[in-house]
Amino acid sequence: MEGLAKAVGHADRHAPLKAYCAGLLLPGERKSVEPMAARLAPENVRRTHQSLHHLVADAPWRDEAVLGSVRGQVLTAMKRNGPVAAWIVDDTGFPKKGTHSVGVARQSCGQLDKPRTTAKWR
């Protein structure tokens with residue numbers, strides 16, 4: 001997490017990034033910031049929601065820096081057992097739930113064998 005936190009820049013973004021990643025990993029079907037905030041800080045949902053929302057919607061961090069950090073960590077781990085001959089990524093798509101999600105586009109979903117709707121990342 002420290003590499004990712006460093007990649008988002010300013011120290012004020014480190015805690016929200018760590019909370020956002022924890023929220024994505026916690027149990028719960030809805031992974032938007034409001035339900036994640038309720039799971040992360042039930043005693044302070046409004047403040048946590050605002051912090052998470054600011055990180056994903058307004059904070060000035062570069063996608064390239066975060067992806068570069070992840071790539072470096074993944075490649076280092078992959079190379080521990082020798083040179084990398086192939087890198088296969090399976091997106092393990094999940095079907096969209098509901099009909100009114102903001103920022104989504106139609107894509108195919110192997111689980112459904114038909115187009116699905118997924119979130120567009122910044």
Side-chain angles (χ1 to χ4, degrees):
M1 283 303 307
E2 292 308 315
L4 290 178
K6 197 174 187 181
V8 294
H10 198 276
D12 288 349
R13 293 183 212 115
H14 295 191
L17 174 76
K18 291 174 183 179
Y20 183 74
C21 290
L24 290 173
L25 296 173
L26 285 174
E29 292 193 21
R30 295 193 56 226
K31 300 298 180 172
S32 57
V33 292
E34 189 169 357
M36 287 193 321
R39 288 189 291 273
L40 288 164
E43 72 288 346
N44 204 345
V45 176
R46 179 177 282 179
R47 184 171 155 259
T48 304
H49 174 265
Q50 183 177 11
S51 175
L52 296 175
H53 185 268
H54 177 72
L55 175 74
V56 299
D58 299 321
W61 51 272
R62 293 180 40 246
D63 298 351
E64 297 83 9
V66 174
L67 291 171
S69 175
V70 170
R71 187 182 309 100
Q73 292 176 39
V74 169
L75 283 174
T76 299
M78 289 173 66
K79 290 178 180 178
R80 284 189 194 124
N81 295 322
V84 177
W87 188 350
I88 300 170
V89 178
D90 176 12
D91 94 340
T92 311
F94 296 100
K96 176 186 173 295
K97 295 186 178 176
T99 58
H100 297 32
S101 295
V102 176
V104 296
R106 301 292 293 172
Q107 294 182 356
S108 64
C109 177
Q111 288 185 359
L112 299 175
D113 197 30
K114 64 181 181 181
R116 70 171 170 143
T117 305
T118 57
K120 289 182 183 176
W121 293 92
R122 352 185 293 152

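Since the structure is predicted, the reported quantities are computational estimates derived from the model, not experimental observations.
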Distance (rounded to the nearest 0.5 Å) between Gln73 CD and Met1 CE:
9.0 Å

What's the separation between atom NE2 in His14 and atom NZ in Lys6, rounded to the nearest 0.5 Å?
9.5 Å

Note: Met36 and Leu24 closest approach over all heavy atoms is SD-N, 3.5 Å

Identify the heavy atoms of Gly23 and Leu40 that sit nearest to each other, and give their distance.
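Where Gly23 meets Leu40 most closely, the heavy atoms are N-CD2, 4.0 Å.
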
If you group Ile, Leu, Val, Met, Phe, Trp and Tyr by side-chain heavy-atom gaps below 4.5 Å, do Leu17 and Leu25 land in one group?
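Result: no, two separate clusters.
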
Do Leu67 and Met78 belong together in a cluster built from hydrophobic side chains that touch within less than 4.5 Å?
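In one cluster: no.
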
Using a 3.5 Å distance criterion without hydrogens, assess whether the side chain of [X] forms a donor-acceptor pair with backbone atoms of [Y].
X: Ser51; Y: Pro16; result: no
X: Arg13; Y: Val8; result: yes
X: Lys31; Y: Leu26; result: yes

Return all side-chain donor-acceptor pairs below 3.5 angstrom for residues 41-49, not counting sequence neighbours, or 'none' if the list is empty.
| residue | atom | partner | partner atom | Å |
| --- | --- | --- | --- | --- |
| Thr48 | OG1 | Asn44 | O | 3.0 |

Test Leu55 against Trp61 for side chain to side chain contact (heavy atoms under 4.5 Å, CB included), laying out the working first.
CA-CA 9 Å; Leu55 175 74; Trp61 51 272; 3.8 Å; yes

